[in-house]
Protein chains: 2
Amino acid sequence: MTEGAPRNTRQRTAVSALLAEVEGFHSAQDLHAMLRQRGERVGLTTVYRTLQGLADAGEIDVMRPPGGEHLYRRCSEGHHHHLVCRRCGRTVEVAGPAVERWAGRVAAEHGYVEVSHTLEIFGTCPACAG
Amino acid sequence: MTEGAPRNTRQRTAVSALLAEVEGFHSAQDLHAMLRQRGERVGLTTVYRTLQGLADAGEIDVMRPPGGEHLYRRCSEGHHHHLVCRRCGRTVEVAGPAVERWAGRVAAEHGYVEVSHTLEIFGTCPACAG
DNA sequence: GCGTTTTTGACAATCATTGTCAATCGCGCG
DNA sequence: CGCGCGATTGACAATGATTGTCAAAAACGC
């Protein structure tokens, strides 16, 4: 009774499929617009809800860049962070076991438990800096 | 022409003074309410602008917790990160030279320049976990 | 003091996100 | 195979933090 598997609906499938194709981060509104262009009829509200669900399930990553809108992206599995180009948005996934350990250790030193963290690296990519 | 030092106004002073006294992170609206209670007459708009100015000047730190509002805090100088209690908001400043170096190195490996980063650690503090 | 320029602040505007709730659809059961 | 219940959808309103506006007030140099 703890779990309810979400139903398999046309809309959910459409959002998932779209995320599998596009690259980089996109806002909910962005994705909604793409779906409409494809002829898929999906409400904006549903896109938001579906994305939240996928994010909760850990199937996609959410980023909150300065500017206020949430960006979603289908990422590889496992815990990792992002190196994002400020200019063009090009994203590289980076893993940093050392950082994970460091964060855990620092938190433990202060007696904090149930630790999680957020980490984003911003920079200008070679192409944009050129 | 390049620089305009901000003028010294009653309102700016009030906001600065308040930030010097309170501990932990507070939202703009929060700070605005406190100022009113003290009898200081400051507009909400001004509080926002002043905080932005202070943040740009690097005199205060901004955090964007999940939940949407910006939180401001007067912090010690220099680059550091925060370990925040999810429950009560208790905050510890932590410095992690190793992490800084790691972030820079990772970015450099991918050719990214002008690197910056954000890092927040969330957990439950000893008091709340008790 | 005096004038110029910045700052202020009440209010409207913006805009992403969330809430609402009746209509619809998926899915398992009979 | 068709029914019915409950989850899901989606159009629309509501929310709420932040930003824009612009006339009035204050600050600073002289």
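Order of the sequence lines sets the chain letters (A, B, ...), proteins ahead of strands, with each chain counted from 1. All of these numbers come straight from a predicted model, not from anything done at the bench.
- A tilted orientation is assigned to the rings of A:His81 and A:His117, their planes being inclined by 30° to 60°.
- Between A:Gln11 and D:dT8, a side-chain N or O to OP1/OP2 separation shorter than 4.0 Å is absent.
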For nucleotides 3-5 of chain C, which of its nitrogen or oxygen atoms have a protein nitrogen or oxygen under 3.5 Å away, and what is each distance?
{"from": "C:dT5", "atom 1": "O2", "to": "B:Arg7", "atom 2": "NH1", "distance (Å)": "3.1"}
{"from": "C:dT5", "atom 1": "O2", "to": "B:Arg7", "atom 2": "NH2", "distance (Å)": "3.3"}

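- Cation-pi geometry between B:Arg73 and B:Phe25 is met: under 6.0 angstrom from the ring centre, within 45 degrees of the axis.
- Salt bridge A:Arg38/A:Glu21: present, at least one basic N to carboxylate O contact under 4.0 Å.
- The distance from atom CZ of A:Arg12 to atom P of D:dA7 is 14 Å, rounded to the nearest whole Å.
- Within the 3.5 Å criterion, the main-chain N or O of A:Gly89 finds a donor-acceptor partner in the side chain of A:Thr91.
- Proximity of B:Ser27 to the phosphate of D:dA17: no side-chain N or O atom is located under 4.0 Å from OP1 or OP2.
- For D:dA17, the OP1/OP2 oxygens have a side-chain nitrogen or oxygen of B:Gln29 closer than 4.0 Å.
- Taking atom CG on A:Asn8 and atom P on C:dG28, their separation rounds to 11 Å, with Å as the unit.
- A:Glu93 CD: more than 12 foreign heavy atoms inside a 6.0 Å radius.
- Considering only the side chain of A:Thr9, D:dT9 comes nearest among D:dG10, D:dT9, C:dC27.
- The two residues A:Arg86 and B:Val113 have their closest heavy-atom pair at NH1-O, 4.5 Å.
- When rounded to the nearest whole Å, the span between CD of A:Glu69 and P of C:dT18 equals 13 Å.
- Residue B:Arg36 has its side chain nearest to C:dA10 when only D:dA27, C:dG9, C:dA10 are considered.
- Nearest nucleotide to the B:Ala28 side chain, out of D:dA11, D:dT18, C:dT17: D:dT18.
- For DNA chain D, the neighbouring residues in residues 39-52 of chain A, judged by any heavy atom under 4.0 Å, are A:Arg41, A:Val42, A:Gly43, A:Thr45, A:Thr46, A:Arg49.
- When distances run from any side-chain atom of B:His70 to the nucleotides D:dT18, C:dT8, C:dG26, the shortest one goes to D:dT18.
- Between the CZ atom of B:Arg87 and the OG1 atom of B:Thr124 there is a distance of 6.0 Å, given to the nearest 0.5 Å.
- For CD of B:Glu109, the number of neighbouring non-hydrogen atoms (other residues, nucleotides, ligands) closer than 6.0 Å is greater than 12.
- Computed from coordinates, the B:Leu31 CG to D:dT18 C1' distance equals 15 Å when rounded to whole Å.
- A distance of 5.0 Å separates CG in A:Leu83 from OH in B:Tyr112, rounded to the nearest 0.5 Å.
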